[in-house]
Amino acid sequence: MNNSTQAIETQHVADIIKVMNGGIDFYEKAKQEVDSPRIQRMFDKMIDAKESAVTELQPFAIAENGKPENDSSMEVSARQAYTKVLDKVSRDSTEHTYVDQLEEVEDKVLEELDEALKLEQPVGCERALRAVQARMKECHDEMKALQNTTH
């Protein structure tokens with residue numbers, strides 16, 4: 001029963017990447033639907049942050065599953081589909097609708113990171129998760145601030 005010789009396995013990182021991949025796709029599509037250059041720039045910033053995080057976490061997903069994670073979260077895809085329907089019903093509040101739904105995606109990203117950090121992770125993975133979590137918290141806070149200005 002010598003735990004020090006057992007390797008700790010990476011856990012839940014692939015799920016985080018799925019949520020981020022879904023978020024990247026959602027931001028890309030939302031960017032095409034909004035007219036405000038300020039909001040488009042914010043969406044670009046969120047895309048860049050998530051792409052960097054995925055790149056940073058991908059080696060841990062490979063350690064977890066034996067292959068890179070390229071899928072998207074079903075929950076994020078469902079939110080994207082919901083937003084498209086809402087947008088068709090209420091064309092006058094497109095920016096507001098997208099910002100609200102994307103802020104929820106940011107919540108989901110933080111939730112998934114919290115879940116991963118509750119698990120025992122290899123030291124390098126935990127360090128990477130904490131760094132990504134700090135950056136994603138900044139993204140969340142910026143989207144929350146943007147959400148408050150679109151109401």
Side-chain angles (χ1 to χ4, degrees), residues 7-87 93-151:
I8 298 170
E9 294 184 18
T10 302
Q11 304 174 68
H12 201 70
V13 175
D15 292 329
I16 295 167
I17 291 175
K18 285 180 186 179
V19 171
M20 288 197 190
N21 283 340
I24 290 165
D25 186 47
F26 195 173
Y27 275 108
E28 290 282 0
K29 287 180 174 62
K31 193 172 77 166
Q32 296 170 14
E33 299 297 325
V34 298
D35 295 325
S36 167
R38 178 178 69 97
I39 292 176
Q40 289 172 341
R41 282 191 303 276
M42 174 69 80
F43 289 1
D44 280 335
K45 183 177 181 180
M46 299 298 145
I47 291 165
D48 290 345
K50 280 172 188 39
E51 286 174 343
S52 293
V54 166
T55 299
E56 190 172 339
L57 295 176
Q58 200 63 263
F60 302 106
I62 294 168
E64 183 179 335
N65 292 335
K67 63 181 178 57
E69 184 55 66
N70 297 312
D71 287 336
S72 295
S73 164
M74 290 301 289
E75 184 175 330
V76 173
S77 297
R79 185 166 296 285
Q80 185 175 336
Y82 166 77
T83 303
K84 281 184 181 177
V85 170
L86 231 101
D87 184 39
S93 63
T94 300
E95 289 176 358
H96 169 76
T97 302
Y98 277 99
V99 169
D100 279 355
Q101 294 305 309
L102 287 163
E103 191 276 332
E104 292 292 327
V105 170
E106 296 302 326
D107 285 344
K108 181 65 177 166
V109 167
L110 290 176
E111 183 182 303
E112 292 296 329
L113 283 160
D114 288 344
E115 285 301 311
L117 285 164
K118 287 178 188 172
L119 304 169
E120 190 174 3
Q121 302 284 6
V123 174
C125 181
E126 182 174 343
R127 191 176 314 119
L129 287 168
R130 291 203 184 282
V132 167
Q133 182 186 42
R135 291 193 314 269
M136 292 304 110
K137 175 79 171 99
E138 288 175 15
C139 288
H140 173 269
D141 293 350
E142 288 182 45
M143 281 305 293
K144 190 71 172 169
L146 181 61
Q147 183 183 37
N148 291 335
T149 65
T150 62
H151 284 275

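Nothing here was measured: the structure is a model prediction, and the numbers come from that model. FYI, side chains are in, hydrogens and waters are out, and symmetry mates aren't considered; it's all heavy atoms of this structure.
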Q. At their closest point, which heavy atom of P68 faces which heavy atom of I62, and how far apart are they?
A. N-CG1, 3.6 Å

Q.
Looking at E9, I want to see if its CD is surrounded by more than 12 non-hydrogen atoms of other residues, nucleotides or ligands under 6.0 Å.
A. no

Q. Taking all atoms of both residues into account, what is the closest heavy-atom pair of V13 and C125, and its distance?
A. CG2-SG, 3.7 Å

Q) How far does OH of Y98 sit from CG of L146, to the nearest 0.5 angstrom? A) 14.5 Å

Q.
Walk me through whether F43 and V99 qualify under side-chain contact (heavy atoms from CB on, under 4.5 Å).
A. CA-CA 9 Å; F43 289 1; V99 169; 4.2 Å; yes

Q. Would R127 and Q121 satisfy side-chain contact (heavy atoms from CB on, under 4.5 Å), going step by step from the backbone distance to the final call?
A. CA-CA 9 Å; R127 191 176 314 119; Q121 302 284 6; over 6 Å; no

Q | K118/D114 ion pair, N-O < 4.0 Å | A | no

Q) Between atom CE of M136 and atom CG of D107, what is the distance when rounded to the nearest 0.5 Å? A) 13.5 Å

Q: Measure the NZ-OH distance between K50 and Y27 for me, rounded to the nearest 0.5 Å.
A: 5.0 Å

(Q) Taking A49's backbone N and O only, do any of them form a donor-acceptor pair with S52's side chain (distance below 3.5 Å, no angle check)? (A) no

Q.
Can a donor-acceptor pair be found, under 3.5 Å and without considering hydrogens, that links the side chain of Q133 to the backbone of L110?
A. no

Q: Please assess N21 against K18 for the test side-chain contact (heavy atoms from CB on, under 4.5 Å), listing each intermediate value before the final yes or no.
A: CA-CA 5 Å; N21 283 340; K18 285 180 186 179; 5.8 Å; no

Q.
Listing request: all salt bridge (Lys or Arg N to Asp or Glu O under 4.0 Å) pairs with a residue in residues 56-72, at least two apart in sequence or in separate chains.
A. E56-R135

Q. With distance as the sole test, does Q40 use its side chain to make a donor-acceptor pair with the main-chain N or O of V34 at under 3.5 Å?
A. yes

Q. Looking only at atom types and distance, does a side-chain atom of E103 sit under 3.5 Å from a main-chain N or O of Q147, one as donor and one as acceptor?
A. no

(Q) Would you compute the distance between atom CD of E28 and atom CD of E33 and round it to the nearest 0.5 angstrom? (A) 12.5 Å

(Q) Quick check: do D44 and I47 have side-chain heavy atoms less than 4.5 Å from each other? (A) yes

Q | Between CE on residue M46 and CE on residue M20, distance to nearest 0.5 Å | A | 12.0 Å

(Q) Just verifying a value: how many Å separate C139 SG and K45 NZ, rounded to the nearest 0.5 Å? (A) 7.0 Å

Q) Do T150 and I39 come within less than 4.5 Å of each other through their side chains, counting heavy atoms only? A) yes

Q: For R38 and R41, run side-chain contact (heavy atoms from CB on, under 4.5 Å): C-alpha distance rounded to whole Å, both residues' side-chain angles, the deciding distance at 0.1 Å, then the answer.
A: CA-CA 5 Å; R38 178 178 69 97; R41 282 191 303 276; 3.9 Å; yes

Q: Using a strict 4.0 Å threshold on nitrogen-to-oxygen distance, state whether E104 and K108 make a salt bridge.
A: no

